[in-house]
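Quick notes on the structure that follows.
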Amino acid sequence: MVPDQPAFADAPLVTTAPAAEPVRPHDIGRLTIQCADQPGIVAAVAGFLAEHGANITELGQFSTDSENGEFFQRTVFHCENVADRLAELDGDFAAQVGRRFGMTYTFTSAASPKRVAIMVSKYDHCLLELLWRNKRGDLDMDITLVISNHEDLRADAESFGVPFVHIPVSRANKAEAEARQLELLAGNVDLVVMARYMQILSAEFLSAVGCPVINIHHSFLPAFAGAGPYLKAKERGVKLIGATAHYATANLDEGPIIEQDVVRVSHRESVAELERRGAEVERSVLARAVQWHCEDRVMTYGNSTTIL
Ligand SMILES: Nc1nc2c(c(=O)[nH]1)N[C@@H](CN(C=O)c1ccc(C(=O)N[C@@H](CCC(=O)O)C(=O)O)cc1)CN2
């Protein structure tokens, strides 16, 4: 007995489009550009990409001034096998566009996540935030190493499958410790993140490491730079505390700011409570700053950043 056909049997057959091909990271490229602002830049870049078979899927740009300003642009484009064509694109772009406009530019591929080393001391919250977001696929980067001046966070790093190297640091051995850190880092990573690493990096280290260094400072800079910002905040009786992610330079806590945030506090919070409330802000601020850097969104100009 064939059951009655359901009422919708004569309804028009709805055909669904074939599942879209998954976007291959090998076909997604990014181009970041910085130069003196002038007419013709956007047309020249768009024309170059079109001539090379690239389809622009995302475009951000900014000029600091309508005249004599600085121009910034970030383009995301689809281009078959761009991951294998970066050198070709780079050379052609230099000849056809880059030199003409005096550009500083970079071609990158989504198929090559940035190699990131994380430096920590004893605080775990920023490290765990980065490891957890990376594991979940929310923060695309290749965490290659954790370096610490203490043993406390070894199990945390290794539980995520990330190698952990303990390099003790003291006032007496700082130069030797930095030499050992550089042996592991220089030429092997694209970014170093200080996730509450409580040591001041020397100017020599910053010069030799060969890549940007991002630090999370546990205050709303420029307030309370240096050590012990939460105690300073309590003593000052502030009603907002915050965190600042910035590029580290030889000038302590004065490097270009990438991201900041704040949270309201009151006379009721002790220093310990300020530290607890502040940790929530630190971890999210650092994660956003690292993500924007890894997505090639952050461009520095003097001591400022433009984020596209
Ligand atoms: N070259 C830079 N290094 C660091 C920066 C920076 O902007 N440039 N930011 C600091 C900020 N910071 C924490 O966020 C921090 C500031 C000062 C100190 C400090 O005085 N450390 C002492 C040692 C303390 C100890 O042994 O426990 C020191 O280095 O002599 C620490 C952290 C991070 N580094």
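Note that the structure is predicted; figures quoted are calculated from it, not measured. Remember, it's 1-based here, ligands and their atoms both numbered in the order they're listed.
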> Can you check whether a protein heavy atom sits less than 4.0 angstrom from atom 4 (C) of ligand 1?
Replying inline: yes

> How does V213 reach ligand 1, by side chain, by backbone, by both or by neither, if only non-hydrogen atoms under 4.0 Å count?
Replying inline: neither

> Looking only at non-hydrogen atoms, which of H217, M119, M198, E254 approaches atom 31 (C) of ligand 1 most closely?
Replying inline: M198

> Step by step, would you call E129 with L286 a side-chain contact (heavy atoms from CB on, under 4.5 Å)?
Replying inline: CA-CA 9 Å; E129 186 75 22; L286 179 59; over 6 Å; no

> Which atoms of ligand 1 have any heavy atom of D253 under 4.0 Å away?
Replying inline: 5 (C), 6 (C), 7 (O), 9 (N), 10 (C), 11 (C)

> So how far is it from E295 CD to R30 CZ, rounded to the nearest 0.5 Å?
Replying inline: 6.5 Å

> Which of the atoms of ligand 1 are close to L206, meaning less than 4.0 Å from one of its heavy atoms?
Replying inline: 1 (N)

>> Suppose I only count heavy atoms of I216 and a 4.0 Å limit; which atoms of ligand 1 are within that range?
In response: 14 (O)

> Between D296 and T32, is a side chain to side chain donor-acceptor pair (under 3.5 Å) present by the stated rule, with each step listed?
Replying inline: CA-CA 7 Å; D296 299 313; T32 57; 5.8 Å; no

>> Distance under 4.0 Å to a non-hydrogen atom of H218: what atoms of ligand 1 satisfy this?
In response: 13 (C), 14 (O)

>> Can you tell me how far apart CZ (F107) and CD (E88) are? Round to the nearest 0.5 Å.
In response: 9.5 Å

>> Just to be sure I read this right, does ligand 1 sit under 4.0 Å from the backbone of L252, its side chain, both, or neither, counting only heavy atoms?
In response: both

> Which residue from R171, H246, M194, K174 reaches closest to atom 29 (O) of ligand 1 through any of its heavy atoms?
Replying inline: K174

> So, R115 and D190, do they make that salt bridge, N to O below 4.0 Å?
Replying inline: yes

> Nearest 0.5 Å, what's the CH2-CZ distance between W132 and F160?
Replying inline: 9.5 Å

> Does the pair E58 and R74 meet the rule for a salt bridge (Lys or Arg N to Asp or Glu O under 4.0 Å), with working shown?
Replying inline: CA-CA 8 Å; E58 186 180 334; R74 174 183 181 271; 2.9 Å; yes

